[in-house]
There are 2 protein chains.
Amino acid sequence: MKYDLTKKPTRGAQRTLASFSTTMINLLSKEPFEKISVNKICNISNFPRATFYNYFDDKFDLVDYCWYVIAQEIEVDKVTELKSNKTLIIYFDRLYDVFKDNQPLLDNILLYNDFSGQLVNSFVNYFKNTVQEILEQSIDYSKTGLPVELMADHCSETVILVLKWIFLKRHDADKKLAHEYLEKLLNLDQFI
Amino acid sequence: MKYDLTKKPTRGAQRTLASFSTTMINLLSKEPFEKISVNKICNISNFPRATFYNYFDDKFDLVDYCWYVIAQEIEVDKVTELKSNKTLIIYFDRLYDVFKDNQPLLDNILLYNDFSGQLVNSFVNYFKNTVQEILEQSIDYSKTGLPVELMADHCSETVILVLKWIFLKRHDADKKLAHEYLEKLLNLDQFI
DNA sequence: TTCAGATTTAGACACTTGTATAAGCAATAG
DNA sequence: CTATTGCTTATACAAGTGTCTAAATCTGAA
């Protein structure tokens, strides 16, 4: 990403970022990711290509920014409840809500893109990394006798696995059932 | 993949496939995947671009074929030991050996490519799918009370997680320690 | 050895990509 | 109000992509 998201954006930059990302999200509901070119995005958004490349490295970069926008729904109140061992469940629940809110978008995306293709992969990866960063700092894995990073990796993969199962592979499950899956897969009682 | 790998290839086709794949593997040890173009591959291999596109859809397709070639080391005696619950460990061991044999290649690849980039991802994914296909048919998950596919997915992700930890993130571990990780992460006693 | 069917190849096509330059415009500090 | 700074944009470039044609070449079965 060429644009620095930490500094607060000017009004113009906000407009530009919003324009590109909504165009991308709209296109994702209409055609496969390979068919979406930077040219097309720029024509629809009415910006020249040069502007696109002022903000993003390529279309993968933009699509990652889209996931970032979606992920904002969770991360607003990031501070609360850290350092507790319940972090995992709390984060799982938040992601569950975000995925549920975006179910229509996900359905459309899967209409045009392979489950194991680049696009769905980038989506899944984005959220996996989100979870992993949180878990590495906030969970006490000392009871497991395994390396912290390995364990954090395993937990975040499992959280995402269950969400994939429910929202991408469409085996609908309410939060209660989802928790049951998560607890069985992770053996949660061993370290919570 | 445009070329049909099930039918037995002519001598010419064998030469072509081998030429393209060894060129790709060589290049992967020398530069990042983005810098490798179909043009470059064809120049080095001394084939015209048209021939490349007779066999592969694009360079991702070729790189997948490379993983297929590497994976052949395991799958020769695929038949033995199926339908046993020890399949998981047996396959883990085989993959452990394959990854170990290809450690120098992996090291080079990681010199030029991000751990979470497209290339490493395609490698990891290829082997994850390999494991998953095997596990879905051959393990009895009835004791876990979880959907079969979910469980098979979780097991294959965990197998690959441990291998990534050891061979890509370079936390060297012998087979004994690797088994210990796997058993703790998967709670193997619950269903083996 | 021959020959029909399949593969390979040269060349061209329309298109995308990422970068670079210089001109234009807008917002801010003095 | 204006000078300066920084972002936007028009345009051009060298390179890559994937597809298509028709001619050349190979191959395997008779």
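Values below: every heavy atom of this structure, side chains too, minus hydrogens, waters and symmetry copies. Letters go in sequence order (proteins before strands), and every chain restarts at 1.
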| query | Less than 6.0 Å separating the ring centroids of B:Phe33 and B:Tyr112? | reply | no
| field | Sugar-phosphate, base or nothing in reach of B:Lys40, heavy atoms under 4.0 Å | value | nothing
| request: Could you check whether B:Lys7 gets within reach of a base, just the sugar-phosphate, or nothing at all, counting any heavy atom under 4.0 Å? | output: sugar-phosphate
| task | Would you kindly give the CZ-to-C1' distance between B:Phe20 and C:dT8, to the nearest whole Å? | result | 11 Å
| Using a cut-off of 4.0 Å on non-hydrogen atoms, how would the nucleic acid contact of B:Tyr3 be classed: base, sugar-phosphate, or nothing? | nothing
| Can you check the A:Leu17 CG to D:dT8 C1' distance for me, whole Å? | 14 Å
| Would you say the side-chain atoms of B:Lys100 pair up with the backbone N or O of B:Phe167, donor to acceptor, closer than 3.5 Å? | no
| query | Does A:Arg49 count as lying over the ring of A:Phe52, i.e. NZ or CZ under 6.0 Å from the six-ring centre, within 45 degrees of the axis? | reply | no
| Tell me: CD of B:Gln14 to C1' of D:dC26, nearest whole Å? | 16 Å
| query | Stepwise, does the side-chain contact (heavy atoms from CB on, under 4.5 Å) test hold for B:Lys164 with B:His171? | reply | CA-CA 9 Å; B:Lys164 275 199 295 195; B:His171 299 268; over 6 Å; no
| request: Give a yes-or-no answer on whether the side chains of A:Asp114 and A:Ser116 include a donor-acceptor pair shorter than 3.5 Å. | output: no
| For B:Asn43 and D:dT17, what is the distance between atoms CG and C1' respectively, to the nearest whole Å? | 15 Å
| field | Position toward the 5' end of DNA chain D (nearest nucleotide), A:Phe47 or B:Asp58 | value | A:Phe47
| With respect to the side chain of B:Thr10, which nucleotide from D:dG28, C:dT16, C:dA10 is positioned closest? | D:dG28
| task | Just call it for A:Lys59: base, sugar-phosphate, or nothing, with non-hydrogen atoms closer than 4.0 Å on any strand. | result | nothing
| task | Have a look at A:Phe56 and say if it touches a base, only the backbone sugar-phosphate, or nothing, with a 4.0 Å heavy-atom cut-off. | result | nothing
| said: Any base atoms under 4.0 Å from B:Arg49, or only sugar-phosphate, or nothing? Heavy atoms, all strands. | reply: base
| task | For residues B:Tyr68 and B:Tyr65, establish whether the separation of their ring centroids is below 6.0 Å. | result | yes
| field | Spacing between A:Arg11 atom CZ and C:dT28 atom C1', to the nearest angstrom | value | 15 Å
| remark: Under the rule of Watson-Crick or G-U wobble with both distances under 3.5 Å, where | means paired to another strand and [ ] a crossing pair, DNA chain C maps to ||||||||||||||||||||||||||||||
| B:Lys2 to B:Phe56 six-membered ring, cation-pi geometry met (6.0 Å, 45°) | no
| What is the distance from atom CZ of B:Phe92 to atom CD1 of B:Ile160, rounded to the nearest 0.5 Å? | 9.0 Å
| said: Rounding to an integer number of Å, can you tell me how far B:Tyr53 OH sits from C:dC13 C1'? | reply: 14 Å
| message | The side chain of A:Ser37 is closest to which nucleotide in this list: C:dT17, D:dT9, D:dG16? | response | C:dT17
| Side chain of B:Ala50 (C-beta onward), nearest among C:dT17, C:dG11, D:dT9 | C:dG11
| query | Within less than 4.0 Å of OP1 or OP2 of D:dT9, is there a side-chain N or O belonging to A:Thr51? | reply | yes
| message | What is the separation between atom CZ on B:Phe52 and atom C1' on D:dG16, rounded to the nearest whole Å? | response | 12 Å
| query | Would one find a side-chain N or O of A:Asn54 under 4.0 angstrom from OP1 or OP2 of D:dC7? | reply | no
| Closest to the A:Thr16 side chain: C:dT17, D:dT8, D:dT17? | D:dT8
| With respect to the side chain of A:Tyr55, which nucleotide from C:dT9, C:dT17, D:dT8 is positioned closest? | D:dT8
| query | Between B:Phe60 (CZ) and D:dG16 (P), how many Å, whole number? | reply | 16 Å
